[in-house]
Amino acid sequence: MASSHIILPKEEEEEEKEAAAVAEAGLGVGVEADHDSPAQRPYQEQAPGKAALPFSATCVRISRDSYPNLRALRNASTMALHDDDAAFVKIEEGDFGYVLDDVPHLTDYLPDLPTFPNPLQDHPAYSTVKQYFVNADDTVPEKVVVQKNSPRGVHFRRAGPRQRVYFESEEVKACIVTCGGLCPGLNTVIRELVCGLSHMYNVSNVFGIQNGYKGFYSSNYLPMTPKSVNDIHKRGGTVLGTSRGGHDTKKIVDNIQDRGINQVYIIGGDGTQKGAYEIYKEIRRRGLHVAVAGIPKTIDNDIAVIDKSFGFDTAVEEAQRAINAAHVEASSAENGIGLVKLMGRYSGFIAMYATLASRDVDCCLIPESPFYLEGEGGLFEYIDRRLKENNHMVIVVAEGAGQDLIAQSIPAADQQDASGNKLLLDVGLWLTHKIKDYCKSKKMEMTIKYIDPTYMIRAIPSNASDNVYCTLLAHSAIHGAMAGYSFTVGMVNGRHAYIPFHRVTSTRNKVRITDRMWARLLSSTNQPSFLSQKDIDAAREADKAANAKNQSAPALANGEK
Ligand SMILES: Nc1ncnc2c1ncn2[C@@H]1O[C@H](COP(=O)(O)OP(=O)(O)O)[C@@H](O)[C@H]1O
Ligand SMILES: O=P(O)(O)OC[C@H]1O[C@](O)(COP(=O)(O)O)[C@@H](O)[C@@H]1O
Ligand SMILES: [Mg+2]
């Protein structure tokens, strides 16, 4: 395969200079392992017990010294990669600007591990599957919209069962932990991990870690069986308990090592995936035969790279009940206003999708789109107009919206939770008072009903489609761990993929107010955009800069395919 193909015109000169400097200093791309192409090493021909190599072509260890490749990755995507992470990044470059941002494999530091046939091939239920195993070289593109001459861009390793695995079923000792806030579907993922390990790979040693990361070193591990988890998907929350804080890498890995755990399944959001990455790095430093699989969870749906996080659909669906109630209350009163607060600390995906789904919402406020109350084009003016036209209105506000505005009238205490997340001021309550005061000042009779369903929404079990999604995520995670990879699993453009930890933790998805999805919302509610021409130009410029960096394709909004 060709390499060093992505050279972007913008920085060509700079690149050349850097490459020359690297060559002069005698530095370069450090090749960790050189793997044959699949044609040269059909699995069937391998001597039993000999390590099957995890992927074809060159596995490159990127370091500060192998700068051109690192630059290629940075250029091929909008990701901001820290140099500290660079030592753990595996990049493979191919023809026409193809970049594989690969996930680490056990053989990266334990090259002589034996392999075993995948027990799935003897499973009667899977005997009808046309292709038992995914092709070892299959990858999934990060961007699917490309132009004729654009480079092929960043790809991730496709998820799925491999022909050979790096663990014998009897020797697997797996553990599962849930961290961070609750989210519909946690119990379904736990259930499907336990059942999938047992049913697909005959693994019977599975343990639950209680109450998040701290449970690794402060509680007993709970044995879990398909029988003990049979019904848990019908319940909200997590049967294992969860927490924020408590991540102590050394103590966690000490316990993993002492208890002989060799597969770690970590369900949680961006903070949790950062923790999973730290655990992986420590496991690797110690040279342990342990795979780490992250399953991304966040009700806010703001985890980078993946199409959607589990539980999001359920949350949007459940939010309809609150919006309906707000609409009933508002439309039954004279000048009635229904105000619904939905979750979304940094991003307004739940609010945006719940609004678009409902059609009863007159105004949606999200963190990404700053709003103002008074004056021309402000919220009060819109409320005035809407009540005159319709006699009632429904407002949906994401909890992270308007925080700067609130801080102007309520001194922010700047408190944080155990994970270091800033504690938010209640925008719903604040807005209720502000609207009441405004109407009073205008001597306008009105009724406002504030509904906060946030914790009720995230405490319910996942809906049918999320249940299926959770099952697929759990299965993909199991296949990857059995095959010896460490990764975060997720759906990328409709295909499941193994994504490097650094990818999902280095940025956060946000609603892009310059995208068509937000325009759809504005047109469906008819609300003011609260943006001046200057704001719009600035947002466009920011997007342009991001897209210029990502030459492979213009970035699309989450969900806008
Ligand atoms: N940078 C980090 N390194 C290691 N662990 C982290 C990091 N950030 C958060 N965590 C841990 O991840 C867990 C959940 O994090 P949090 O941000 O609260 O939720 P979420 O994972 O849902 O985003 C907590 O136990 C926290 O200590
Ligand atoms: O009250 P808690 O448990 O800290 O959770 C509240 C926060 O959790 C969230 O649901 C997001 O958390 P996750 O990313 O962990 O799912 C936010 O929307 C909300 O601000
Ligand atoms: Mg978080």
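When a ligand or atom number is given, it counts from 1 through the structure's own listing order. We use all heavy atoms of the structure for the numbers below, so side chains are in, but hydrogens, waters and symmetry mates are not.
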A.B. asks: Which heavy atom of D300 sits nearest to which heavy atom of R345, and what is that distance?
C.D. replies: OD2-N, 3.3 Å
A.B. asks: Just to be sure I'm reading this right: ignoring hydrogens, which of Q273, R508, R345, K297 gets closest to atom 22 (O) of ligand 1? Compare them by their nearest heavy atoms.
C.D. replies: K297
A.B. asks: Between H247, K274, R244, flag the one that comes closest to atom 2 (C) of ligand 1 by a heavy atom.
C.D. replies: K274
A.B. asks: Which residue and non-hydrogen atom of the protein lie closest to atom 16 (O) of ligand 2, and at what distance in Å?
C.D. replies: K297 NZ, 3.0 Å
A.B. asks: Should F487 and Y280 be marked as a ring pair (Phe, Tyr, Trp, His ring centres under 6.0 Å) after you check the CA-CA gap, both sets of side-chain angles, and the distance that decides it?
C.D. replies: CA-CA 9 Å; F487 54 85; Y280 165 73; over 10 Å; no
A.B. asks: Around K214, counting heavy atoms of other residues, nucleotides and ligands shown, do more than 12 lie under 6.0 Å from its NZ?
C.D. replies: no
A.B. asks: Would you check whether G344 reaches within less than 4.0 Å of ligand 2, judged by its heavy atoms?
C.D. replies: yes
A.B. asks: Should we say atom CG of D404 is surrounded by more than 12 heavy atoms from elsewhere, each under 6.0 Å from it?
C.D. replies: no
A.B. asks: For the residue pair F310 and Y469, is the inter-centroid distance of their aromatic rings smaller than 6.0 Å?
C.D. replies: no
A.B. asks: Between T188 and H233, is there a side-chain donor-acceptor contact under 3.5 Å, judged purely by atom types and distance?
C.D. replies: no
A.B. asks: Are K234 and D231 within salt-bridge range, i.e. N to O under 4.0 Å?
C.D. replies: yes
A.B. asks: Tell me, which protein residue and heavy-atom name are nearest atom 16 (P) of ligand 1, and how many Å apart are they?
C.D. replies: S419 OG, 3.4 Å
A.B. asks: Against heavy atoms of R244, which atoms of ligand 2 measure under 4.0 Å?
C.D. replies: 2 (P), 3 (O), 4 (O), 5 (O), 6 (C), 7 (C), 8 (O), 12 (O), 15 (O)
A.B. asks: Write out the residue and atom name of the closest protein heavy atom to atom 17 (C) of ligand 2, then the distance separating them to 0.1 Å.
C.D. replies: E399 OE2, 3.1 Å
A.B. asks: Among all protein heavy atoms in this structure, tell me which lies nearest to atom 1 (O) of ligand 2, with the distance rounded to 0.1 Å.
C.D. replies: Y455 OH, 2.5 Å
A.B. asks: I need the atoms of ligand 1 closer than 4.0 Å to a non-hydrogen atom of G180, numbered in the order shown.
C.D. replies: 14 (C), 19 (O), 22 (O)
A.B. asks: Using heavy atoms and a 4.0 Å limit, tell me yes or no: is G269 in contact with ligand 2?
C.D. replies: no
A.B. asks: Go through ligand 2 atom by atom and flag the ones less than 4.0 Å from a non-hydrogen atom of G181.
C.D. replies: 15 (O)
A.B. asks: About how many Å separate CG of N220 and CD1 of I209, when rounded to the nearest 0.5 Å?
C.D. replies: 10.5 Å
A.B. asks: Before accepting this row, confirm whether a basic side-chain N of the pair D302/K510 lies closer than 4.0 Å to the acidic partner's carboxylate O.
C.D. replies: no
A.B. asks: Restricting to N, O or S atoms of D270, which is nearest to the Mg ion (ligand 3)?
C.D. replies: OD1
A.B. asks: Considering the heavy atoms of T298, write down every atom of ligand 2 situated less than 4.0 Å from one of them.
C.D. replies: 13 (P), 14 (O), 16 (O)
A.B. asks: Against heavy atoms of I299, which atoms of ligand 2 measure under 4.0 Å?
C.D. replies: 10 (O), 16 (O)
A.B. asks: In the protein, which heavy atom is nearest to atom 7 (C) of ligand 2, and how far is it?
C.D. replies: R345 NH2, 3.3 Å
A.B. asks: Aromatic ring centroids of F88 and F501 under 6.0 Å?
C.D. replies: no
A.B. asks: For D300, which part has a heavy atom under 4.0 Å from ligand 2: side chain, backbone, both, or neither?
C.D. replies: side chain
A.B. asks: Consider every N or O of T272 and every N or O of ligand 1, then say whether any pair is closer than 3.5 Å.
C.D. replies: yes
A.B. asks: Looking at atom 10 (O) of ligand 2, what's its closest protein heavy atom, distance included?
C.D. replies: M343 SD, 3.0 Å
A.B. asks: Could you identify the single nearest non-hydrogen protein atom to atom 23 (O) of ligand 1 and state the distance to 0.1 Å?
C.D. replies: D270 OD1, 2.6 Å
A.B. asks: Is the closest heavy atom of T298 to ligand 1 under 4.0 Å?
C.D. replies: no
A.B. asks: For R286 and D254, run salt bridge (charged side-chain N to carboxylate O under 4.0 Å, His left out): C-alpha distance rounded to whole Å, both residues' side-chain angles, the deciding distance at 0.1 Å, then the answer.
C.D. replies: CA-CA 10 Å; R286 298 188 192 186; D254 283 351; 2.8 Å; yes
A.B. asks: When you check the gap from the basic side-chain N to the acidic O, do E318 and R458 get nearer than 4.0 Å?
C.D. replies: no
A.B. asks: For the residue pair T314 / S462, report whether a side-chain donor-acceptor contact shorter than 3.5 Å exists.
C.D. replies: no
A.B. asks: Among G275, G181, G271, G245, which one has a heavy atom closest to atom 26 (C) of ligand 1?
C.D. replies: G245
A.B. asks: Provide, to 0.1 Å, the distance between atom 3 (O) of ligand 2 and the closest protein heavy atom, together with that atom's residue and name.
C.D. replies: R458 NH2, 2.7 Å
A.B. asks: Check this for me - ligand 1, G269, N or O atoms closer than 3.5 angstrom, yes or no?
C.D. replies: yes
A.B. asks: Please indicate whether any nitrogen or oxygen in L424 is less than 3.5 Å from any nitrogen or oxygen in ligand 2.
C.D. replies: no
A.B. asks: Before giving the answer on salt bridge (charged side-chain N to carboxylate O under 4.0 Å, His left out), spell out for K341 and D426 the whole-Å C-alpha distance, their side-chain angles and the decisive distance to 0.1 Å.
C.D. replies: CA-CA 9 Å; K341 184 175 77 169; D426 190 337; 3.4 Å; yes
